[in-house]
Amino acid sequence: MDRDLSIAITGTPGTGKTSLSKIFSSKQIKVISVKELAEELGFLGELDASDGSREIDIHRLSDEWEHNDSGMVVVEGHLSHFLDVDAIIILRCNPKILQNRLEKRGYSEQKVRANTEWELVSGLWSELLEFEIEAPVFEIDTSNKNPEEVYEEAIVWLQQEPIQGGLIENAEKAIDWLESKI
């Protein structure tokens with residue numbers, strides 16, 4: 001794609017953000033993680049000994065970062081939807097499948113439960129609605145898809161002119177794991 005476009009790939013840990021981003025990168029599309037941006041701009045906190053993560057000052061990062069380069073850039077990370085981007089792709093995954101993926105990664109029981117519950121209650125959609133994010137939004141269920149299938153869905157959506165996907169109408173159609181048979 002030859003459009004000047006910034007895309008956030010977001011979702012609960014384990015939904016496939018990194019796998020999808022690797023495919024974008026293999027297509028010569030610039031990919032940067034929220035963590036890399038935070039580190040580059042000095043908004044990455046100290047290491048938290050309790051969970052091994054480093055807090056990102058997403059408010060300062062979202063104030064400072066903007067896509068000024070030509071071409072497409074993908075910003076990958078579970079906080080990427082807070083940045084000023086042209087489009088947001090939300091990756092979702094059935095909580096039972098997500099739980100298995102996170103356990104295989106060796107996440108602690110507490111971290112597995114917290115992330116699985118976040119996915120179950122559509123926490124990311126709550127954030128988008130609360131902060132009234134205006135970029136077009138597209139949701140993809142990655143539960144039973146390989147990364148290439150997810151990429152194809154994303155590209156078809158991104159090739160629309162203009163990109164469709166208003167926040168409210170898509171939130172109303174969002175996956176509801178509580179209503180479905182999981």
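Position 1 is the first residue of the sequence, and the numbers go up from there.
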Nearest 0.5 angstrom please: [X] [atom1] to [Y] [atom2], how far?
X    : Y    : atom1 : atom2 : answer
L102 : N115 : CG    : CG    : 5.5 Å
Y107 : K104 : OH    : NZ    : 14.5 Å
L41  : D63  : CG    : CG    : 11.5 Å
E55  : L44  : CD    : CG    : 9.5 Å
Q99  : E117 : CD    : CD    : 10.0 Å
L98  : T116 : CG    : OG1   : 4.5 Å

pair [X]-[Y]: side-chain heavy atoms closer than 4.5 Å:
X    : Y    : value
I58  : L83  : yes
C93  : R101 : yes
I90  : H81  : no
R92  : T142 : no
I7   : V85  : no
L128 : L167 : yes
S143 : W177 : yes
I29  : I23  : no

Assigning hydrophobic clusters by single linkage (Ile, Leu, Val, Met, Phe, Trp, Tyr; side-chain heavy-atom cutoff under 4.5 Å), is [X] placed with [Y]?
X    : Y    : result
L37  : I9   : no
L120 : I175 : yes
L5   : I32  : no
I97  : L20  : no
V137 : I140 : no

Taking atom [atom1] as the centre, does [X] end up with more than 12 heavy-atom neighbours from other residues, nucleotides or ligands that are less than 6.0 angstrom away?
X    : atom1 : answer
H78  : NE2   : no
Q110 : CD    : no
D141 : CG    : yes
Q160 : CD    : yes

Between W125 and E139, a side-chain donor and acceptor under 3.5 Å: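 On atom types as modelled, these side chains qualify, holding a pair under 3.5 Å.
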Looking at [Y] and [X], is any side-chain nitrogen of the basic one under 4.0 Å from a carboxylate oxygen of the acidic one?
X    : Y    : value
K35  : E39  : no
K17  : E76  : no
E153 : K145 : yes

Taking [X] for the side chain and [Y] for the main chain, is one N or O donor matched with an acceptor at less than 3.5 Å?
X    : Y    : result
E149 : N146 : yes
E36  : S33  : yes
D86  : S6   : yes
S19  : G16  : no
Q164 : P162 : yes

Working for side-chain contact (heavy atoms from CB on, under 4.5 Å), residues V74 and I89: CA-CA 10 Å; V74 170; I89 297 172; over 6 Å; no
Working for side-chain contact (heavy atoms from CB on, under 4.5 Å), residues V75 and W65: CA-CA 11 Å; V75 183; W65 181 81; 3.7 Å; yes
Salt bridge (charged side-chain N to carboxylate O under 4.0 Å, His left out) evaluation trace for E109 with R113: CA-CA 6 Å; E109 185 179 326; R113 185 175 33 258; 3.7 Å; yes
Taking every non-hydrogen atom, the tightest pair across L79 and V34: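 Shortest heavy-atom separation between L79 and V34 comes out as C-CG2, 4.2 Å.
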Nearest non-hydrogen partners of W157 and P136, listed with the distance: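 Nearest heavy atoms, W157 then P136: CH2-O, 3.6 Å.
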N170 and F138: CA distance, side-chain angles, deciding distance, side-chain contact (heavy atoms from CB on, under 4.5 Å) verdict: CA-CA 7 Å; N170 280 337; F138 184 58; 5.7 Å; no
Stepwise side-chain contact (heavy atoms from CB on, under 4.5 Å) check, T10 with L91: CA-CA 6 Å; T10 190; L91 302 184; over 6 Å; no
Whether F24 and Y151 hold their rings parallel, tilted or perpendicular, with breakpoints at 30° and 60°: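 If you compare the ring of F24 with that of Y151, the planes turn out perpendicular.
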